[in-house]
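Input: a single structure, listed below in C-alpha cells.
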Amino acid sequence: MANKHPYRFCFGPWNISEGQDPYGPTTRPVQSFDWKLAQLKKHGFEAMMFHDDDAVPEIDSKPESQIRKEAKELKKRLNGLGIAAEMVAPRLWFAPQTIDGAYTSNDPKCRRYAIERSLRSIDLANILGTDILVLWLAREGSYIRESKDAGRCLDYLVEALDQMLAHDKRIRLAIEPKPNEPMDHAYLPTIGHALAVASLTRDSKRVGCLIESAHAILAGLDPADEIDFAMKFGKLWSLHLNDQNGLKYDQDRPFGNVSLRSAFDQVRVLERTGYGTNGEYVCFDVHPFRTTKPEHWMDHLLNSRRTFLRLVEKVRSFDEKAAQKLAADRDYQALDQMVIDHLLGR
Ligand code: XUL
Ligand code: MN
C-alpha cells in the first residue's frame, strides 16, 4: 500500500446534536457554537464544516455588511485556533421559500432565493478560506411525481450550478447525493447522477462530489465502490463517513458500527486511491444516539475516528499479495475468510 500520508479529520457543529428527532424534543442541554468549536479543538480535529447559518446565524435576516463582518470575525477565531473551514453548504431546506424545493421549485421566486443564497455562501466560503461549496440537494426531488417535470428540474439545476460557477472562478461545487429523505425520490440519488450532471455545466471540472456512506447504502449501493468510482474521475473532494443499518431512515451512526467489513473496504479504497493527498479531509457525519448522556457527548465522533485509524492499520497490514493470489486462483471462499480472519485479528 503506497498511501502512507496522515489523515486529517473534521466534523460539523450539527454532529454534536442535542437529541431531537421528528418524534421528540432534545434530550441534552442545547450547547453554543463556541462550546462545539472548543470541543473540536480539544479533541484534535483539524477542520470544521459549516452550513452558511452555522457560520453566520440567522443569515437570512442580516444585511450583507453584517454577514461579511461576522464571517471575518469567525475566520479570525478559526485562525487563532489553527482550525480550517473545510467547506460551506447553503442550508436550503429550512426556509419557507424552499418548501417546494430550492433550485427546482416550481416557483421562479423561490428558485431565485435558492440561487442567491448559494452565491452568498460562495462569498462566505471565500472569507472562511475554503474553495468547496457542498450541495446536499435535500428538497430537489418529488413526493408527487406529477407535480414536477424531472427533465425541466435538471435544466433548473444546471442553470443554478452554472450561476454559482460564474460567480466565482475558483469555487468547486461538491454535490452530496442522497436517494431519499426528506424527498420520496431525489433527482440526483447517486454519484453517477451527480457526475453526469457535472458534464452539463459550463465548467464540469469544478463540479464534483461528496460521498456519504449512509447515503450510498440508502441507494442500495456499496460505499467503497462509490468511492472508487468518484476517485477514478478525480472528483471526490469530501467525504462523510458514517454507517447505516439497512434501508431505513438516515441513521448517521458511528463509522463501522453496523458493518465493520464495509468500513474496512471503504478505508482500503481510500488508501489505494490516495484520498487526502490533495488536502481532502475525512469528515464524520455522525450523530450521538438520542439516549446519549451529556458526559458522553463526543464519543460517537471519537469512536468513529478511532475505528477509522484502526482500520487504516488493518488495511496496511492486510496481505494484498496473498489476496491477489486467491483472487487469481478464483478461491473466493478463502479470500472471503481471509478478510474475516484479518478483521478478527488472526
Ligand atoms: C443530510 C446530510 C447533511 C449534509 C450537509 O443527510 O448528510 O448533513 O451532509 O448539509
Ligand atoms: Mn452528510
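Since this is a predicted model, take the numbers as computed values, not measurements. What you see below is based on every heavy atom in this structure, not just the backbone, and it leaves out hydrogens, waters and symmetry mates.
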Members besides Phe289 in its Ile/Leu/Val/Met/Phe/Trp/Tyr cluster (side-chain heavy atoms under 4.5 Å): none
Joining Ile, Leu, Val, Met, Phe, Trp and Tyr whenever any side-chain heavy atoms lie under 4.5 Å apart, the cluster holding Met87 also takes in Trp14, Met49, Ile132, Val134, Leu210, Trp237
Are His51 and Trp136 an aromatic pair by the rule of ring centers under 6.0 Å? no
Between Asn257 and Asn303, a side-chain donor and acceptor under 3.5 Å: no
Side-chain donor-acceptor pair under 3.5 Å between Glu271 and Tyr7, yes or no? yes
With distance as the sole test, does Gln244 use its side chain to make a donor-acceptor pair with the main-chain N or O of Gln251 at under 3.5 Å? yes
Is a side-chain donor or acceptor of Asn242 paired with a backbone partner of Asp285 at a separation under 3.5 angstrom? yes
Looking at Tyr156, is Arg111 sitting on its ring face, NZ or CZ under 6.0 Å from the six-membered ring centre and within 45 degrees of the normal? yes
On the six-membered ring of Phe284, is Arg305 placed so that its NZ or CZ lies under 6.0 angstrom from the centre and within 45° of the ring axis? no
Is it the case that atom CZ in Arg290 sees more than 12 heavy atoms from other parts of the structure closer than 6.0 Å? yes
Quick one: do Glu70 and Gln66 satisfy side chain to side chain donor-acceptor pair (under 3.5 Å)? Show the steps, please. CA-CA 6 Å; Glu70 287 185 37; Gln66 178 69 16; 2.7 Å; yes
Take Ser118 and Tyr103, measure what side chain to side chain donor-acceptor pair (under 3.5 Å) needs, and give me the verdict at the end. CA-CA 10 Å; Ser118 306; Tyr103 310 124; 2.7 Å; yes
Side chains of Ile211 and Gln266, heavy atoms from C-beta outward: is any pair under 4.5 Å? no
Value rounded to 0.5 Å, distance of CG in Leu133 from NE2 in His167: 10.0 Å
